[in-house]
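Numbered from 1 within each chain, the chains take letters A, B, ... in sequence-line order. Computation of the quantities below employed the complete heavy-atom set of this structure, encompassing side-chain atoms and omitting hydrogens, waters and symmetry-equivalent molecules.
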There are 4 protein chains.
Amino acid sequence: MSTWLIDSLGTTDALAEVFSDASVIRAMVDFEIALARAAARAGAIPPGAADTIERAVDAGSLDARAIAREARRSGTPSVPLVQALIEQVRAVDPESASRVHWGATSQDVTDSALVLLLKRAHVLLACDHARIDRALRELSNAHAGSVMLGRTLLQPATPITFGLKAAGWKAAISRSWRRLSEAWGQALVVQFGGAAGTRAAVGESGAAVASALATELGLAPAAPWHTDRDRPGAVIAGCGLYAAALGKAARDISLLMQGEVGEVSEPGGGSSAMPQKRNPSGCAIAIAAATRLPGLVSAFLAGMIQEHERSVGGGHAEWPIVSTAVQATGASAAAMAGVVEGLEVHPERMRRNLEATYGTVFAERAVMMLALPLGREAANELVKRAVRQSRETGRAFGETLAAIPEASRAVPAQDLREVDRPGQYLGEAESLRKQLLEE
Amino acid sequence: MSTWLIDSLGTTDALAEVFSDASVIRAMVDFEIALARAAARAGAIPPGAADTIERAVDAGSLDARAIAREARRSGTPSVPLVQALIEQVRAVDPESASRVHWGATSQDVTDSALVLLLKRAHVLLACDHARIDRALRELSNAHAGSVMLGRTLLQPATPITFGLKAAGWKAAISRSWRRLSEAWGQALVVQFGGAAGTRAAVGESGAAVASALATELGLAPAAPWHTDRDRPGAVIAGCGLYAAALGKAARDISLLMQGEVGEVSEPGGGSSAMPQKRNPSGCAIAIAAATRLPGLVSAFLAGMIQEHERSVGGGHAEWPIVSTAVQATGASAAAMAGVVEGLEVHPERMRRNLEATYGTVFAERAVMMLALPLGREAANELVKRAVRQSRETGRAFGETLAAIPEASRAVPAQDLREVDRPGQYLGEAESLRKQLLEE
Amino acid sequence: MSTWLIDSLGTTDALAEVFSDASVIRAMVDFEIALARAAARAGAIPPGAADTIERAVDAGSLDARAIAREARRSGTPSVPLVQALIEQVRAVDPESASRVHWGATSQDVTDSALVLLLKRAHVLLACDHARIDRALRELSNAHAGSVMLGRTLLQPATPITFGLKAAGWKAAISRSWRRLSEAWGQALVVQFGGAAGTRAAVGESGAAVASALATELGLAPAAPWHTDRDRPGAVIAGCGLYAAALGKAARDISLLMQGEVGEVSEPGGGSSAMPQKRNPSGCAIAIAAATRLPGLVSAFLAGMIQEHERSVGGGHAEWPIVSTAVQATGASAAAMAGVVEGLEVHPERMRRNLEATYGTVFAERAVMMLALPLGREAANELVKRAVRQSRETGRAFGETLAAIPEASRAVPAQDLREVDRPGQYLGEAESLRKQLLEE
Amino acid sequence: MSTWLIDSLGTTDALAEVFSDASVIRAMVDFEIALARAAARAGAIPPGAADTIERAVDAGSLDARAIAREARRSGTPSVPLVQALIEQVRAVDPESASRVHWGATSQDVTDSALVLLLKRAHVLLACDHARIDRALRELSNAHAGSVMLGRTLLQPATPITFGLKAAGWKAAISRSWRRLSEAWGQALVVQFGGAAGTRAAVGESGAAVASALATELGLAPAAPWHTDRDRPGAVIAGCGLYAAALGKAARDISLLMQGEVGEVSEPGGGSSAMPQKRNPSGCAIAIAAATRLPGLVSAFLAGMIQEHERSVGGGHAEWPIVSTAVQATGASAAAMAGVVEGLEVHPERMRRNLEATYGTVFAERAVMMLALPLGREAANELVKRAVRQSRETGRAFGETLAAIPEASRAVPAQDLREVDRPGQYLGEAESLRKQLLEE
């Protein structure tokens, strides 16, 4: 178990509600009611029994903690829950009580309930993703011309624009969302197979009950998948990839927020002890999620090696993995939606950080200029010398280079002087930015 | 590093060749040649230079071990490899030497090379997958009528057919392959971004070079993705899901092969010390792969939180993860292709194992029969009594039940006697089998 | 979050209480009270302030859910909790309110609180471990003479005793517990460093406050370890190893419980649909834990790469990982304690399973006998022939072998006939058993 | 498989040699020779046979690739290797050939060989750890007085010293090494159990052979541990913790090396495209290792749930996991030894970065000063105002605060003016530093 405080950064209120005890019970009871209605529709049980069951069961009066305790004995919460429902129905009509859970097995209930919860969770994540998508597009457009340092291995590199950077985040996040969303859609299938997956207990009407049940629950029909867990597995793996894409953006933002860099600020984020601070609190939530997801994905994958028609342990491990993975991913999306919607960008500071390199980040460009007339090695040596001088003297790299006779003999001094103009060395930043936004 | 012996069960000869030193060097050199040709085609370097480069470079004479040693200093094998190529070209034509690696950055080489290797590996996996797919379909069809115990939590449950079981394996493996294959297709994109991902060093012709380069290499074009690793990430996650689906089948087969079960036999599999044994050696390879993949997937995901335009460490971790994950998955597919193609199935033993339960696995069925007239609880009690008696006496469960007066008063004795006929309690096994094969 | 139902199989009531909201709040409040008392003792704040704080704060009236919601803004539950405590104290005495959280930083509270919870959890796990340890020792002693099949790669191998098998489980579980317990002991250290880990805010009295605080809380003193997470990391890794050792025993037991094997039975474990079943429900909990732990260990390790004096994300991921890992491990221990204490062992069935191999598991022994006179290859061929005949005819392997003239010419027929007596081929089973129990 | 180039950053030359094919073969052959000698010493085989075996076998002539290919059939390289050795001995003396591998099972060879390799690897890691340990101690002592910004959540916090920071790295790395080293020592045990772990094939002399074998190999004796993998598991988990401690230091160093921070420089580290750059290449290797290890640890743990006396798959997964984990950890240690031995530290830049905050990092200190006279809330408000003014005006925080009348009425202006003197706000930095070094 992990409660509000233990996992405060790994969920949202709305997602916590989806996976709450009340909501889990509701989903399991919804399955049993839908099953009764479906069985009645298919003629497997009398219509009156379905009505009675629907009227008699009362999700609200069930005790989650007691069910959980019993679940440890039988290996599944279905056994005590179904027992409780049978008792509720028996109090009204003993005959109908025999029709509860008709032809189903424990895992039909737990799997279908989980799918129902996943369906609700998807909507919540989709909303936050849409916010991220929109905000990143706007950030990118607004800062198409905000020139900043590219940074490779955390070292200053040739310039990019913040618009390109934001477009890169957006593209990776959107691709990952599309993958996740597709997997999610494929996973919204009903589980109904009975004891060993043949629906034998419902006799002739198995297919009809299964189909009606899917309709009742608003899920797609499917052959039983008790020990074939690729569909939820693809959702969890997709969460891992999506959380990683969010985590990458969060890492970048937290780095840009460093006091010494100061190029963006996350909205909010105070400190308990230090009033001067503005912490990347939203990014921390996203990075925490990206830290947890890989392990959750691996645990789900490891549990997929399930024995025969029902596993010993593999399947028993899934509920908390799925619920934690989805909530942490959703917490990340919600946090990052807030971060990118409110992100303050400081183009002036970007410019100053670039200038603070004295233009030495254009060394690559200078090598490209000088390599043809002088050969690559000589060009390299010359440029390194200019970099050194520029750093020692604080004089602009272009000026420094132009003042070296070997250089100005090979390339017009005017060209050398302008080697460190960022605006002239952005390559395809703008067209790539647009391409990434359109993807 | 892991050599032939250390990883003998985690690769195949063909896949080991794809990721061998010679093959990696070849792919990196192919990138450099293709880049020169593309740059020439786009007018960025003289056509003659491209020709010279292509003629002068000699992948075969490069020393992988020396490059690897140098790579530790610069953080990438690209630096020493490019240096070696420049020297090869310089020996022929110093001016052309300046055009080697024109406008590219180290990661352009390593990423594109990795994608080239992935492209080759995909073909190898596809072949083995096709073998598995075909063999499982045939097994399923051949054993549509081979009735066997369903088994839940490793306990005997109501009967299924081996045809249904094999169809279930096939469906999960095929769904997983489709996902993996789609991700793989999307990952076959070129990497070309230059120092900070703007292609600034090639000036105006960046897009033209990038496009020509993709064509030369037979890859799709893409905006630079130096620190956006979702595409290869989706491949690795897809390998994890696919290996898990194979691992589930392998686990089932190894369980069915147990001496006490004996329902199938893997071809081959001798023991060093015990001549009587026939080991599930192919299954062991598949389960070993399914054991390793989750950790590899998690490592890749963890490494995706990459800083800015080039990461410190995250990207540096990828090559061995990708190569190991793909090889282990391929080893699993190759092993399982052999296993299912040669699998011996023993329907007679399946029947005997079913009979050895005295029909008590039909207890569920008996409860369903008796629940209506007697109520669920009473039915349950009666059935438990019959199960106990049947086990103690070795008398058939149906007979035992029919001999209990409370039971035969509620349901005709003849129906009770036939409660343990497997053929009459297969539900939709056959139609579900067909549905799974058609998916 | 994961609630009672979502994680019913991954905790116990007692462990769930340790990590409940009420308990977390209590631990954080205990830290603040202890800090005030320690600061007063060290002369850093007036004694009266400590008394007032202790009297004024009321853990019971704090709203965990509201604190959790605020925590998302500041990145830690400490900020809103401390704020709430300050308000409680201010209502009584504004001056003392200024002394709450004196010199501490948010992470001092959260880390110390986590350690306090770990301390309580350790006692709970130790009790269940002691039960397992005792029960396995008794099982091993009781079945020192219960001969059974050894099984390698799930195939019948030469015989062992159940006493040896149980001793093997016990030895691995005990070694793992000792490692875990040692790591746990080392992790019970206080956290007190202030904003950047120098305790600067408490001036001269830092060391005195830290030492008194440790004493108040019953923890060992330590230099601040805000971003050095090896101590809790070793606990989580130790949980992973311990849960794996339990999982191995659970896997074995679930395999021995198979209908076709039937050598042991777990107490309890009914099925919702099938009254004849006796499920390995306790084993399922242990295997589920062993499935989840590796991913949790990897997530903790991945989060250990924490930046400078306080991390962005790595540390924020820890609480739910630690709490889930400890609870799942504890659930496994509790379940396995129940399993091994109540395990029914069926030596008669073990004997029958051994006999059902017709003695062919002694093929290795026969090869050893025949290899010297005949050479290894000829011996192998002869033995394989006898195995085949024995399986076809159902005649005992020893008899079969003795009837082959090449064999009885090389080795006295009487020796060959006795080659399949299990009691004579147990090697050092008994002395190894004792050695494993004494370890 | 992963070859030189694929895994160039994840090994060292010396470790790659330890796990090379030649070395693995050597270790397996050493086991067989030692076994023959031990069996002869114990009287289980004639002394002459041992001599013949030792003389006849020729590790150098074995073909690793061919053995690997065969291993896929039998599930282990032992079967083809032993077969090859038997043939080598048979060519000399057929009778002695029957004594090769006497009483052993395949896993006795592979496990003992792995332990022999681990023993060699430990020495290599210990050397690099000693270098790290020494260099960090020296760095810490040399920079006991180098005041720098503490940084929490990547934001400037109150000051620390670089000496304290280095001591923190050293303490965590050393604690982790001690744990790892202890686990490593416990894992250096021989494996010798025969087919099912009872040593039955060697009859009476099992214990004597086992003991002599351990002595021959320089390993500790142990009861067979074929499916009890906690000892190597503890080594791999220990590698994970150790690599994480190294990774934390590497992350810090790479952050301090950022262009905008510039407080330390790693020796070496050039770029292929950008001559001005100095990359954290060593840190990249360490962070890459810390990225990979968690997944490797989880894979090993997942594989520990091994069936009965020999597993299907779990054990088959181990060799590449262990070899990769140890090599990556060793590569990290080697890289970080180079980094910290050659680290350039720039105290002047540290001072400038601190000054660039205008003293606002002392806000906490100011709050502590003002909280008593004014109450915490008012103090907080005042300090926030001063921080704002200081940032806008560029005037020192102390001066700014002293100029606010509410503040200077509450606390002497002189004290306020000195609030931003770093040297006066280091708390116990120096004593904690010493304590951490002495641990």
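- Closest approach of M368(D) and G103(C) over heavy atoms only: CE-N, 3.7 Å.
- Taking every heavy atom of both residues into account, I305(C) and G247(D) meet most closely at CG2-O, 3.5 Å.
- The NZ atom of K248(D) sits 8.5 Å away from the OG atom of S311(C) when rounded to the nearest 0.5 Å.
- What you find for A237(C) and A237(D) is that their closest heavy atoms are CB-CB, 4.1 Å.
- Of the listed residues (R231(D), M304(D), E95(D), H226(D)), the one with the most heavy-atom contacts under 4.5 Å to chain C is R231(D).
- Contact annotation for residues 238-246 of chain D against chain C (heavy-atom separation below 4.5 Å, listed by residue number): G240(D), L241(D), A244(D).
- Taking the charged nitrogens against the carboxylate oxygens, E307(C) and R251(D) do have a contact shorter than 4.0 Å, which makes a salt bridge.
- Heavy atoms of A222(D) lying under 4.5 Å from chain C belong exclusively to its backbone.
- Near-neighbour residues of residues 201-210 of chain D relative to chain C, defined by a heavy atom under 4.5 Å from a heavy atom of that chain, comprise A201(D), G206(D), A207(D).
- Interface check for chain C: of the options A379(D), P94(D), S298(D), the most heavy-atom pairs under 4.5 Å are formed by S298(D).
- Interface summary for chain D: among S176(C), G194(C), A302(C), A234(C), the most heavy-atom pairs under 4.5 angstrom belong to A234(C).
- Taking a cutoff of 4.0 Å between a charged side-chain nitrogen and a carboxylate oxygen, E309(D) and R151(C) do not qualify as a salt bridge.
- Of the atoms belonging to R229(D), not a single heavy atom falls under 4.5 Å from chain C.
- For R90(D), the part lying near chain C is the side chain, with the backbone staying farther off; criterion is any non-hydrogen pair under 4.5 Å.
- Between I160(C) and A196(D) the shortest heavy-atom distance is CG2-O, 3.6 Å.
- When each of L296(D), T227(D), V297(D), L164(D) is scored by its heavy-atom pairs under 4.5 Å with chain C, the top score falls to T227(D).
- Shortest non-hydrogen contact noted between T198(C) and P159(D) is CG2-O, 3.9 Å.
- Per-residue heavy-atom pair counts under 4.5 Å with chain C were compared for V312(D), L153(D), L426(D), and the maximum is reached by L153(D).
- There is no contact between Q155(C) and chain D, counting heavy-atom distances below 4.5 Å.
- For A97(C), the part lying under 4.5 angstrom from a heavy atom of chain D is the backbone only.
- Looking at H316(D), only its side chain comes within 4.5 Å of chain C, counting heavy atoms on both sides.
- The residue among Q186(C), M369(C), Q306(C) with the most heavy atom pairs within less than 4.5 Å of chain D is Q306(C).
- Judged purely by atom type and a 3.5 angstrom limit, R310(C) has no side-chain atom pairing as donor or acceptor with the backbone of T152(D).
- Of all heavy-atom pairs spanning G168(C) and D228(D), the tightest one is O-OD2, 3.8 Å.
- Note on E182(C), R179(C), R199(C): by heavy-atom pairs under 4.5 Å with chain D, the leading option is R179(C).
- In terms of heavy-atom pairs under 4.5 angstrom with chain C, the leader among L372(D), T161(D), L256(D) is L372(D).
- For A366(C), the side chain to side chain contact (heavy atoms under 4.5 Å, CB included) partners at least two apart in sequence or on another chain are V383(C), F397(C), L401(C), V419(C).
- Interface summary for chain D: among G427(C), A183(C), P294(C), the most heavy-atom pairs under 4.5 angstrom belong to P294(C).
- Per-residue counts of heavy-atom pairs under 4.5 Å with chain D were compared for L301(C), L436(C), L154(C); the largest is that of L301(C).
- Shown here are the salt bridge (charged side-chain N to carboxylate O under 4.0 Å, His left out) partners of R175(C), two or more places apart in sequence or in another chain: E439(C), D230(D).
- Counting heavy-atom pairs under 4.5 Å between each of I45(D), T291(D), D252(D) and chain C puts D252(D) at the top.
- Residue E430(D) does not touch chain C at all, counting heavy-atom pairs closer than 4.5 Å.
- Residues E377(D) and I86(C) are not in side-chain contact: their nearest non-hydrogen atoms beyond the backbone lie 4.5 Å or more apart.
- Side-chain contact check for H308(C) versus L149(D): every heavy-atom pair is 4.5 Å or farther apart.
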